[in-house]
Amino acid sequence: MNGLTKSKVYDVLIVGAGVAGTYAALNLPDDVNILVLSKYEKTTCSSNLAQGGVAAVLDFEDDSFDLHYADTLTAGRNANNTEAVTMLVHEGPDDVRKIISWGVQFDINEKGKLSKTLEGGHSRRRIVHHKDTTGAEMVRVLQQKCEDAENIELVENAVLVSLNPVRSGFRAELLINGEPHCVFSSFCILATGGIGRIYKYTTNPKSATGDGIRIAYECGARIKNLEYIQFHPTAFNSDDGEQFLISESVRGEGAYLLNCHKERFMDRYDPRLELAPRDVVSMSIILESRRTGSNNFYLDITHKDEEFLKNRFPGIRAGCLKKGIDIAKDLIPVFPCQHYLMGGIEVDADSKTNVPRLYACGECSNTGVHGRNRLASNSLLEALVFSRHAAEDIIRCMSSGIFPSVPEHPYTLDYSGAPLPANIREDIKNLMQRAYFVVPDEGRMRVAKQQIEAILMRLKGGKYAKTVEYCEALSMATCAYIILNNA
Ligand SMILES: Cc1cc2nc3c(=O)[nH]c(=O)nc-3n(C[C@H](O)[C@H](O)[C@H](O)COP(=O)(O)OP(=O)(O)OC[C@H]3O[C@@H](n4cnc5c(N)ncnc54)[C@H](O)[C@@H]3O)c2cc1C
């Protein structure tokens, strides 16, 4: 639905309509008045692109919570928040069961049980999936449920520009279809996703410019470990901006990773070979490219049956066919690219930030679950568990009676100003791509930091009109600056 038809005062404003935002909304009671924003059309979000699946221990035949916990810590290089990981692995399975009961369809095997796949860093097959389009299936069900709920308004092309804490709530400035609006809410949940678009090459959709992180930072929220960025080892190697992901589950199902000589090479770098955690495989590719002097790498799954590939990887097969590659017959050209953000807005176990009544969940948050490197398919699970916790904490606060609805105040929005110069966003992307990719370059980082700082000052002092482009550029520059500063 487009356009705000109800009151402009809400109990809860949720910024983001991906898995984290919609699941938070659906875990609030139906007498709570909720506004959910989607910056572009509602399917433009990382959740909708997730291929591999959701990692969860749904039975104990050959798996356990302890094994999932241990795999998560190993991938995260033991920099994880262990309490958060315990919550994730113990509570996550019930959230997965809940969305199944709501209609999310995960694949079933010939025995009539949930089909489970393997991805890098997992010691057991525990990833449930819907073919290779798991995220789209989850988004389909969760967004539909939100649209069916009378207390939830999901608005597309609605951009949060800024958030101002006011007495007993927030005043939020929005652009809806380019028009300025102002809404008030007692609570706010930021679920704005990642920062991939600050890079030239990323798997993330155009919405991923770090807006929630910038807005939280402006509100005084603490931002943590923003330099913990995951680079996926196997994106389709082409020159487009948005890189098409070749899911880890392709390696999980037996694909080999080959160098420019069409030789397997992972044994040079890690005994877990192709199924080492992502950071290890990405780093190995970069080291191998230095050794061979070539950026040409391939995935080879041609030894698998064509019917199996058609059925198991319909999305990846179709995406590769569009680029002239038949995965049953051809090698798939791959190279690492930006994929996921482990750091973000610092939150506690209830997804609360240090700003009263401000919550964050999903990829924009830092729960500490992932440590330095996310274990494959743990992020959708994190989005479910921690967005539910945000909702539960809001329910507790509301029932304590200390948070009356925030009153509407008269307010004028000034959106006049100069247009944003076209090259600013490209400049940020190029600087980040060169300075802080898989193996950071210290010299370039120092120079890039100065240049990003100059861009940031120009954006803040330039009297530019508050357009979506301007807000995104401001978010990109803010996040890039924090990353380079921390790194
Ligand atoms: C190609 C790809 C494959 C992946 N595969 C997997 C996988 O198999 N398993 C797994 O666990 N994880 C996977 N991930 C990661 C996972 O999909 C994401 O981490 C997760 O979906 C993030 O969910 P989210 O709700 O936090 O953010 P998103 O789904 O990105 O949603 C963000 C929302 O915020 C909105 N938004 C942003 N800024 C604003 C603003 N200023 N105003 C209003 N709205 C705003 C956006 O419009 C969007 O609706 C994958 C990611 C990608 C990109």
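Note that ligands are numbered from 1 as they come in the structure, with each ligand's atoms numbered from 1 the same way.
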Handout entry: Residues R388 and D94 bridged, charged N to O under 4.0 Å
Key = no
Handout entry: Salt bridge present between E274 and R251 (N-O < 4.0 angstrom)
Key =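 Looking at R251 together with E274, the answer is no, because their closest N to O distance does not fall below 4.0 Å.
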Exercise for the section: Establish, yes or no, whether a centroid distance under 6.0 Å links the rings of H90 and Y69. Expected result: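 For H90 and Y69, the ring centres are not under 6.0 Å apart.
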Problem - Pocket residues of ligand 1, ordered first by chain and then by residue number (heavy-atom cut-off under 4.0 Å) - result: V15, G16, A17, G18, V19, A20, L37, S38, K39, T44, C45, S46, S47, L49, A50, Q51, G52, G53, A158, V159, L160, A191, T192, G193, T203, N204, S207, D211, L245, H339, Y340, G362, E363, R374, S377, N378, S379, L380
Handout entry: Neighbour count >12 (heavy atoms, 6.0 Å) for atom OH, Y217
Key = no
Practice task
Could you tell me which residues satisfy ring-ring contact (aromatic ring centres under 6.0 Å, His included) with Y256, sequence neighbours excluded, listed by chain and number?
Solution key: H303
Handout entry: Pair E426-N430, side-chain donor/acceptor within less than 3.5 Å
Key = no
